[in-house]
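First listed ligand is number 1; within each ligand, the first listed atom is number 1.
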Amino acid sequence: MIDIPLVDLRAQHAQVADEVAEGWAGVLERTAFIGGPQVAAFESEFADYQGVAHCVGVANGTDAIELALRALGVGHGDECVLPANTFIATAEAVARSGATPVLVDCVAETGLIDPEKIPAALTDRTRAILPVHLYGQAAPVELVRAAAPGLPIVEDAAQAQGASRSGVPVGGLGEIAATSFYPGKNLGAYGDGGAVLTASADLADAVRLLREHGSPRKYEHPVLGFNSRLDTLQAVVLSAKLRRLEAWNESRRTAATRYTDLLADLPGVLPPEVLDGNTPVWHLYVIRVPDRDRVLASLHEAGIGAGIHYPTPVHLTGAFANLGHAAGDFPVAERIATEILSLPLFPEITEDQQHRVVAALKAAL
Ligand SMILES: Cc1ncc(COP(=O)(O)O)c(C=O)c1O
């Protein structure tokens, strides 16, 4: 029985329950479930929060990445560079756009894309670079840009709502960005949801067209599109949660600092490192430990809901066997996949719960 979960959504729901119930009652009353003022309001609030001019709500984070790529004109015959150490969706979205994912290795201390590995991955077919702001901290986008001059940057900001680098919020570090409102995200919906963020009115318009059957007006379809909209009911939840996101992210920072302090005297445990200039939002608190699988099993036995993000780098999944890679191609991503361990972290985690997690970890080691 897990008694300290990896993420506790119940504690979060309790804080917004009344607001959500009231907002949903209004939507149900009007039976207007697609679009409407709630979606437009959330898009505008989230654009302001992320410091970008445009936010386009879509059905999920994977679609958000794909539509961002398609808005840039990426398609068949093109290549896009992304880290081998990410959630599969980053690579899926590239493949679904018709382009070929080209993987590069990551940095062990942060799990983020290694900019030094990018130049060797570039060809005359490269059309975009997708740094992933993994675990809640920004990738070093300025180094990525320097390594791939002139190529558009598509940020995968699914895990980093509210994070910033050198004072600039993620979502505004590249040409276009995608985020996910999967329930466990820092800003999570009550189902699937996602958004595209950009400073460019043209790119935002292109995504708006694609999400709505390629249709600028009813029954006009100048381009082939998708059905990928953010639900009205989800927009109500997201607006209610957005008002609390800064405070929740601050609580995550306090909890992360506490873990790092508590772990300081645990030999063999490597806490996560934060890049200079980053303000992270700790979507996940990922340590590296020896004998990880045994440690994880022991934590589960002790009722601690630790996890692994992610156990298999993209190139070793069956889904991407067609890329023709083998074990050993991305050694850092492969090594850390055997060492990483995500400890329970959510805004409401208590000091006592964190002490119990660390005590269980100590016993396991
Ligand atoms: C890094 C990353 N990219 C993309 C996604 C895809 O988002 P979604 O599940 O909303 O499609 C996720 C989350 O699931 C993610 O963590």
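For Tyr285 and Thr260, the side-chain atoms include at least one donor-acceptor pair closer than 3.5 Å. Side-chain N/O atoms of Glu155 and His133 include a donor and acceptor closer than 3.5 Å. If you check the side chains of Asp329 and His315, you find no donor sitting under 3.5 Å from an acceptor.
With sequence neighbours left out, the salt bridge (charged side-chain N to carboxylate O under 4.0 Å, His left out) criterion links Glu43 to Arg211.
Ranking protein heavy atoms by distance to atom 15 (C) of ligand 1, first place goes to Ala158 CB, 3.5 Å. Scanning all protein heavy atoms for the shortest distance to atom 12 (C) of ligand 1 gives Phe87 CD2, 3.6 Å. If you check which protein heavy atom lies closest to atom 5 (C) of ligand 1, you get Ala89 CB, 3.7 Å. Protein heavy atom in closest approach to atom 16 (O) of ligand 1: Gln159 NE2, 2.9 Å. In this structure, atom 3 (N) of ligand 1 lies nearest to the protein heavy atom Asp156 OD2, 2.7 Å.
Residues Phe330 and His325 bring their aromatic ring centres within 6.0 Å. For His13 and Tyr190, the distance between ring centers is under 6.0 angstrom. Side-chain rings of Phe42 and Phe181 approach one another, their centers coming within less than 6.0 Å.
Hydrophobic clustering places Ile88 together with Leu323 (ILVMFWY residues linked when any side-chain heavy atoms are closer than 4.5 Å, directly or through intermediates).
Judged purely by atom type and a 3.5 angstrom limit, Thr86 has no side-chain atom pairing as donor or acceptor with the backbone of Pro83.
Contacts of Tyr310 with ligand 1, taken as heavy-atom pairs under 4.0 Å, involve the side chain alone. In Thr62, the parts holding a heavy atom less than 4.0 Å from any atom of ligand 1 are both the side chain and the backbone. By the criterion of a heavy-atom distance under 4.0 Å, the side chain of Val132, and not its backbone, is placed next to ligand 1.
Ligand 1 has no atom lying under 4.0 Å from any heavy atom of His133.
At a 3.5 angstrom cut-off on N or O pairs, Thr86 does not count as close to ligand 1. For ligand 1, the polar-atom distance check finds an N/O of Lys185 within less than 3.5 Å of one of the ligand's N/O atoms.
In this comparison of Ala157, Ala93, Ser180, Ala195, the heavy atom closest to atom 10 (O) of ligand 1 sits on Ser180.
The atoms of ligand 1 that sit less than 4.0 Å from any heavy atom of Asn60 are 10 (O), 11 (O).
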